[in-house]
Amino acid sequence: AQKAAAERAAFLKANSKDVFFEINSSRISKTEEAKVTDLAEWLKANPDFTVSLVGYADRETGTAKGNLELSKKRSAAVAARLVKLGVEESRIATDYKGDTVQPFQVNEKNRVVVCAIK
C-alpha cells in the first residue's frame with residue numbers, strides 16, 4: 001500500500017491531469033488529448049487505482065442551468081475517452097458542478113474537468 005501511495009503521489013506531481021476546455025465546449029482539444037491519453041495509460045498500468053472526474057464551467061458565460069449541463073458533458077467526454085482508450089468504466093466516477101463551485105481563482109481555468117486518482 002505504501003508503494004502504491006508513493007507511485008500515485010509521483011504521478012500526480014509529475015503530471016497535471018486536469019483537462020481544460022474552450023468556452024462553451026465539451027470537446028477535448030488536441031493539446032488536452034495528450035493528458036487524457038497519459039492518464040489512461042497510467043490507469044491501465046496501475047489497476048488498483050480509480051479516477052474521479054469532476055466537470056466545471058466558468059461564471060462569465062452561459063446560464064447556471066446551461067453551465068451545469070456543460071460541466072456534465074465535459075466530465076462525460078473525458079470518461080468516454082478514457083473508456084475508449086481501454087480503462088474499465090467501473091474505475092471511473094463522474095460528477096459535475098457547473099459554475100456553482102470554482103476550483104481556480106482565474107476564471108478561464110474553471111473550464112475544466114478535475115481528475116483525481118484514488
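Here the structure is a predicted model, which is why all the values come from computation and not from measurement.
- Counting only heavy atoms from C-beta outward, the side chains of Tyr56 and Asp18 never approach each other to under 4.5 Å.
- Within the 4.5 Å cutoff, the side chain of Glu22 has no heavy atoms near those of the Ser29 side chain.
- Shown here for Arg81 and Ile28, the closest heavy-atom pair between the two residues is CB-CD1, 4.0 Å.
- With rounding to the nearest 0.5 angstrom, the CG atom of Leu39 is 5.5 Å from the CD1 atom of Ile117.
- Using modelled atom types, no side-chain atom of Asp95 and backbone atom of Gly55 make a donor-acceptor pair closer than 3.5 Å.
- For Lys44, the salt bridge (Lys or Arg N to Asp or Glu O under 4.0 Å) partners at least two apart in sequence or on another chain are Glu41.
- The line from OG1 of Thr61 to CG of Asn67 is 5.5 Å long, rounded to the nearest 0.5 Å.
- Taking the salt bridge (Lys or Arg N to Asp or Glu O under 4.0 Å) definition, one finds that Asp48 meets it with nothing, sequence neighbours left out.
- Contact check for Ser26 versus Leu70: side-chain heavy atoms found under the 4.5 Å cut-off.
- Between the side chain of Thr37 and the main chain of Glu33, a donor-acceptor pair closer than 3.5 Å is present.
- Here Tyr96 is tied into one hydrophobic group with Leu68, each link being a pair of ILVMFWY side chains closer than 4.5 Å.
- The backbone N or O of Val51 sits nowhere less than 3.5 Å from a side-chain atom of Arg91 that would complete a donor-acceptor pair.
- Residue Ser75 comes nearest to Val113 through the heavy atom pair N-CG2, 3.6 Å, listed as atom of the first residue, atom of the second, then distance.
- The one candidate from Lys109, Arg111, Arg74, Lys97 that meets the salt bridge (charged side-chain N to carboxylate O under 4.0 Å, His left out) condition with Asp58 is Arg111.
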Checking Leu82 against Leu53 for the side chain to side chain contact (heavy atoms under 4.5 Å, CB included) test, could you report, in this order, the C-alpha distance in whole Å, the side-chain angles of both residues, the deciding distance, and whether it holds?
CA-CA 11 Å; Leu82 288 172; Leu53 307 172; 4.1 Å; yes

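- Placement of Val19 and Val83 within a single hydrophobic cluster is found when ILVMFWY residues are connected by side-chain heavy-atom separations under 4.5 Å, directly or transitively.
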